[in-house]
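Worksheet: the structure to be examined is printed underneath.
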Amino acid sequence: MIPVLLIVIPLLTGLVTFFIKEEKSARAWALFATLVTLAVSIAGLTVLKDAKYLTHYSEWMQPLGSSFSVRLDGMGQLLCLLTAVSYPLVFMGTWSSTYKKANNFFGLMLLAQAGLMGVFVAMDALLFYFFWELALIPMYFLCSQWGGEKRIRVTFKFFIYTFVGSVLMLIGILYLQSKTPDHSFSIESFYKLGQTGVANKWIFWFFFIAFAIKMPVFPFHTWQPDTYEQAPTATTMILSGVMVKMGLLGVIRWLLPVLTSSAYMWSDFIPPLALIGLIYASLIAIRQDDIKRLVAYSSIAHIGMMCASLFVFNKYGMQGVMIQMFSHGINIIGLWIIVEIIEKRFGTRKLSELGGLAQKAPAMAILFVIIALANIALPLTNAFVGEFLMFNGIFQARSIFYVWWTVMAGMGIILSAVYTLNMIRKIFYGESNAITANAADLRWNEKLALGIIVVLIFWMGIYSQSMLQLTDGISGDILEKIKMITNKQ
Amino acid sequence: MNALILSAVLGVVMMFSGILLKQKSAIRYLAIAGLFVVLVSNILETYGTVFFKINTNGLMSFDRFALFFNSIVLAATLLYFILSARDMEKIGVNYAEYFALIFFILCGITLTSSFKSLLILFLGIEIISIPLYILTGSDKKNLKSNEAALKYFLLGSFSTGLMLMGIALFYGSQGTFSTEVAAIAVDKPSPLLITGMMLLLFSMSFKVSAAPFHFWTPDVYDGAPTVFTSFMATIVKAAVFIAFIRLFDDAFGSVSIQPKWQFWVAIITAITLLVGNITAVFQQSVKRMLAYSSIAQAGFMLLALYAMNTDAKEGILLYAAAYSLATIGIFAVLAKMTDFTFDGFNGLAKKEPLLAGTLTVFLLSLAGIPLTAGFIAKFYMLKATLLHPQGFWLAIFAILMAVVSVYYYFRVIQAMYFKEGDARTFETTARFRWALVAVAALVILIGIFPNLLLNWFYF
Amino acid sequence: MPINYYIFLSIALFAIGIVGVLTRRNAIIIFMCIELMLNAVNLLLVAFSKMHHLATLTAGDAAINAGSDGQLFVFFIMVVAAAEVSVGLAIIVMMYRNIHSVDVNFLNRLKH
Amino acid sequence: MGITQLLFWFLSVVALFSALMVITSKNPVYSVLWLIVTFFAISGHYILLNAQFLAIVNIIVYAGAIMVLFLFVIMLMNLNKETEPQKNRWLRFAGAVAGGCLLLVLVAALRNTEIKQQSALVNEGNIGLIKNLGRELFTNYVVPFEISSILFLSAMVGAVVIGKKE
Amino acid sequence: MNNVLQIVYLIPLLPFIGFLINGLGRKYLSKSIIGIIGSGVILASFVLSIWVFMEVKGGNTHVASYFNFISVGNLSIPFAFQIDQLSSLFLLIITGVGFLIHVYSTSYMHEEKTEHFGRYFSYLNLFVFSMLLLVMGANYVIMFIGWEGVGLCSYLLIGYWFKKNEYNKAANKAFIMNRIGDLAFLIAIFMIIAKVDSVNFADVFAVAEGSVKGKSFTGNDITIITLLLFVGATGKSAQIPLYTWLPDAMAGPTPVSALIHAATMVTAGIYMIARSNILYSLSPLTMNVVAIVGLATALLAATIALKQNDIKKVLAYSTVSQLGFMFLALGTGAYVAAVFHVMTHAFFKALLFLGSGSVIHAMGGEQDIRNMGGLSKKLKTTYITFLIGCIAIAGIPPFSGFFSKDAILLSAFIKNPVLYGIALFTALLTAFYMFRLLFITFTGKFRGTPEQEHHLHESPPAMTIPLIILAILSIIGGFVGIPEVLMHGGDKLTAFLSPVIAAHETHEISHTTEYGLMALSTGLVLAMILFAWTKFKNYQRSEATGFGKVLENKWYVDELYDKIIVQPLHKLGGFLKTVIEGSVIDGLVNGVGKAVNYSSRQIRLLQSGQVGSYVLLMVLSMLLIFIVQFFLRK
């Protein structure tokens, strides 16, 4: 019931939104809808956490061997909560930015939310694929309609890029389905699949590339900075805060337990790739002058860390990724909100043109510094827990190269400090200049959104158990399966 | 049999309606009503009510497959009439005759969907082709139309020659025109038979516009009046496909001979997908782009021929339905456009949001985006191909080409929504708009609940 | 008569027809060459029908009409050919009315 | 070498030669005439194969009706040697080579089929007689026969649509 | 409330509350209230610390565990505080000295705008809070939290005047260099986790002592762990190679420098190693490394300090050098001596910094000693206290510095006379540059501008009283650790810390040698002071030349780092951004699209529009297929 609601509410409200011509009311309606969704998802965490509320199965496309089966496991809970939380934050944070044809904008945003929710709860491969695309299509329209001046080309590249990945995944799904004994797409029968077969070794890549493009992991990332730069910031927030988690979830739920032995086979190869990406992205971020691109590359770096620690197959890495998925989502949305404010107020995103904001807008400065420092995993902030666990996981990896991986990850952490501090310095410190001379401080809605984010940051940073316990079971099961299979070999 | 005879009769009726009825609308309603009757009669036949008990001596068999296909085609034609019949008035004075010809074509389609003898196949193909030559050339003042007609005629009759030679050789080795598998369960097929089979393969490939026999398609589709292009590209093509599959399933389905043609079908499929998709990328006219895209779609349908299993047969019906719906819709909109180039669509979304919206749905369906009928169709094709032991790489190639197709379909969407411009259209009636919305809804409905169709199919 | 002779003869005629289609530019001639191809097929069909007739007779089967279907097929081909000719020539004439030529090389408005 | 063989070889040579003349002769009118000769030769073959009905029909329909129609059209457009367009010789050469190769390939492919020792029954066997064909046509093949009427109808309508002045 | 140890969490909590109040209320509170709150909370926790100290002295230590900070699988990291001799001692130092510095700041920062004043005090409180976390943490992770926390606070305080870009750069430098150290610390923690599945001090040391079944360290593990921890320490405590941030940290307000240098941050490394002395004692290699690095740092810093002209820079380098001494002590196994020196150093270095602050305050922000001179007349109290500080740091009995430094020298001597020699030499340099500073600043005639001259004035009591208190402390502070030879049962400190710091075996040396060493060092130091007096009693400005210049430019170490690390990375980043990202990867991606477009344009041409060519192509492909079919396949 809960998962169905999580999908249906945004879907229907989104469709309704298209017909609300008046901008104010459309925006209000959208915010209201997201708040309802949030309430539902919280209910699923608290009062209605009984299994019978969290699962739903109904017949659908039997001839194809597919069914509408959705379930909220720990990871699903976590990510649905992230989605549900981030949407109101985004709407609040960008409350003051106006769009032409606002109703379409918010409608598409809500449709995308429905898609995301679906991806996070789908327990049927085909259903998963459907929602995967359903989340993508609205993003395409959002970015190419309301984006920057280069939007059409950039968005199209993004779309094609992601589409290539997803069709490859479709082939993979079909192949596996044809191998399942009962020719079904249900996750159970996928989990029952035999691990032998040379093809699996390659099918693995069909899935991984799809997910890697989504995350994105070096070297499949080139769509991402352009898209983040060109897309309307509200969309960028969802893209970077929530959408990238689709890839991670895909790996955790649809790749590791299904093609375990292949994943194990490649597990010496993918972490270095991801970690190279981490350092690569960080170095580029250091040289960025455009805030949006800088944040984009920092996001690539963080994702690289997560992706790497997915393939170390120990609980530290897995749990670290779980909690980091949430933390990264919250933090980066916070960063984007402020970036959006800066761009709107001063009409520039160039670090070189900004400076000295701290005098004029202390509140903004403080909140930004907190969020940015959380983003580089300072203790007692949410990201610290995640990075600590992931880093630990990488260090404890079974591979013989674990020392090198650790060193690379470490370099990444230092570099992240470098570019983040530089960004803070160039935006907020120093003498204020012509552009920033008469800067106004945050508005109440922005303060509210950022305040909530900061509270979340510290809450998770100090009492991380609340999240870790949520995903403890699921990551335990997955690792159990992996261990079982890899030990057999 | 119902559909065959009734459509023939209706053809004659329409012929004379031109003389009897003066207003065009009357003719149109007559045609639509008649077609509806045909459709109903065919559905009745599906459930066992045959009006005309005629012994065809095994030349034809109206089996479930055939009847379902007929229903789909007739339904598609009905939608086609509702959407585009009005546009035929623009072409020429012989309004009634066009309907007559279309009914004759339907009559031929019922033959190609149910033949058991090469003779019927031949007649069917010809009954389809000859009226098409005429419809292609029906815009007599328009040189493009003439040119298209002549090209189509010459190349078409050339391929007919090939087909006849194939049939002759087949007859020589088999001593019969019947396409019963039992007839040729030979362990060692003779060169005579192989040659005949190859010639049949070529001529059928020509008819379904599969590379390298596709050259007529772009020119003809481009030159023909848009309404008739729509008909040609959807219903007729689907019909020929069914004939293609029936032929090679019945006549050449035996294990001893299947590998010989499957190899070539695989290659032809690959080339078709490549040529169709790649060439469409650079087109400037949407109409011509659609012609190439129809080649590309044919490539996808050929996958069914390659796989040739239950999924494939269900899939081809689904594909025929999905593809026809979307393409009819697109051409219906296209016929309302004054300018067929991509730039002609700039900013259509602002002026005609409804047209743009429905057009988007159709394009998404053709591109095979999930939750549209097109996705389910492509999905079936890929599924069938993957079930084939060697199908893996062909499937991957197909899917990558599908990505390319996204490129040119989305060019239209971009033009409509994201480019500034003033797209001009002819005025559209409310009925037309509602019909368009209905078709779009149907496309999405099939996409979300394919069971509506699939539950019928069981072979 | 050995059947091979007939096969080769009609294939030869068929090939000649194809060559004609390839080498001429006059639409009418091309069309005639296609007719030639059809006739080659007819000849082959008749020969085959007689061959099968002979085969059944030698097999001792009294089926008197064995192989007649081939000749009927020829009959149908002629029917179709006649129809095609009527339409084809109509189209060619229409073309001629518009561009005053039957040269297929003038058909080059539609390309690429 | 009986009379049958002689006739066979003679007719074959005539057919091939006249066919070649069809595609080589510059003047379209000659082509038509040569084609008629070819048809006559083929009709001869029919007679040789004792397919009298087809022989007659061939002469009446093809040589009689169709070719006259052709001739009529050509005369109408008054096409002649001068107006006859010529492909440039390389294309012609390419076409000829392609066709020739096709011929060679097919011959090579069909050189030894399993039925090559079989032979066609010449100047006897009466399936080719009108009596038999007629019975066949109106019993077993009545459906296609009726269907072909639809074909004719559509051709007729078509001719009207195309030909009628507006 | 029967036992203060039950409410030990208040000690860090109070400063944190102060931080929140000052941070959030900085716009609304008045300066005086801010000052009172800021200092008050520290005072409160100081009182508590004394209370706690008493309890601990009474012999009952305590580990208070509150909730699970992180727990994954079989690793669970509690959020726990550990109160024992070592931590309680540090609590005293931190809160005590910290309190004085707060009081001092109330008047030193008085010109600041209110909200910045509030910001300043909130930072200070946060600083103390993190330092308290660091020393109270019952496991390495909690310690790490404080560890990074002080790094953050130093970043914030150094960049306090955020309008000056070089200050912000210095702040970044401090943070990043600390991060490098922290990284090593982190990896050490991971290694411990890998071996012990726990990060609690108790468990780790238990395993190290081999008193736990199934779990044990190999010699290598210990060495690697300890080395990594030491790298962490070099970051925080400004040792080679990560020391260059500390002098730049002078950018912050002077009291902050005092806080960083004397009471808090830099002593973290010492504390951490002293805390894990059990591990270190097991790895001789590491010990040697620590000793050598420490000594080298001490010497290097001392040499640099000789030629510095910024009053705070001199003090900064002296700090680095003194820290070097402490590490030498640690390296030679004299943990107690190190802790002892931390304590005494806290007193006199705080004194010196605050003194210099008073001077700068008087000079109206002037920091270059070449523009000072003869201040002794105007700034009596400052002069005297500063003098006391110099004597203390120079190590003249019976001032506190003497005892602690003597203990270090002694342990160095026991370890290896060469070490002792160098250490002694460094000590002499210390005496020299400190008194150079003293004389140039306070003696001779004034070299500044006239208006500076008449602006000169003694600082208000809020500044002088802390000076006086600290002066007294640096005089008497040494007596808690008088060596046995001078007073029987003197060395209270060793006895006190014995539960935490296992007494390492010292092969006793004869009292005569001990006396001899003391006498020697004292004598030489006095000589040095005289030399400095003759050299600088009336100083004329002069440009440094030759080797002097090298020293003045700090051996060009910063430039070196810039060349071999910063620049290459920067260039690499640029290369990746432009070439790899722009051309290679993205070029590849776009290349696919271009290729499709191009082939589209080419294939299109097949569609020539000529019927003839269509037929030809069809026939040719048929021909091809037939040939392949009949003559090539199967």
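If you're wondering where the values come from, they're calculated on a predicted model, not measured in any experiment. In what follows, every chain begins at residue 1, and chains take the letters A, B, ... in the order their sequences are listed.
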| message | What part of A:Phe141 gets within 4.5 angstrom of chain B, counting heavy atoms only: side chain, backbone, both, or neither? | response | both
| query | What distance do A:Trp202 atom CH2 and B:Ile396 atom CD1 have between them, rounded to the nearest 0.5 Å? | reply | 11.5 Å
| note | Taken to the nearest 0.5 Å, the spacing of A:Phe156 CZ from B:Phe410 CZ works out to 7.0 Å
| Quick one: which residues of residues 371-392 of chain B reach chain A at under 4.5 angstrom, heavy atoms only? | B:Leu371, B:Phe375, B:Ile376, B:Phe379, B:Tyr380, B:Leu382, B:Lys383, B:Leu386, B:Leu387, B:Phe392
| message | Does B:Arg433, at its CZ atom, have more than 12 non-hydrogen atoms belonging to other residues, nucleotides or ligands within less than 6.0 Å? | response | yes
| query | How would you list, in number order, the residues of residues 127-138 of chain A that have a heavy atom less than 4.5 Å from chain B? | reply | A:Tyr129, A:Phe130, A:Glu133, A:Leu134, A:Ile137
| said: Any side-chain to backbone donor/acceptor pair from A:Trp60 onto B:Phe449? Under 3.5 Å, distance only. | reply: no
| request: Pick one of side chain, backbone, both or neither for A:Gln62, based on which atoms fall under 4.5 Å of a heavy atom in chain B. | output: both
| query | What are the two closest non-hydrogen atoms of A:Met61 and B:Ile448, and how far apart are they? | reply | CE-O, 3.7 Å
| remark: So OG1 of A:Thr155 and CD of B:Gln414: to nearest 0.5 Å the spacing works out to 8.5 Å
| task | Identify the two heavy atoms, one from B:Phe418 and one from A:Arg151, that lie closest to each other, and give their separation to 0.1 Å. | result | O-NH2, 3.6 Å
| remark: The residue among B:Val403, B:Val406, B:Val404 that forms side chain to side chain contact (heavy atoms under 4.5 Å, CB included) with A:Val164 is B:Val403
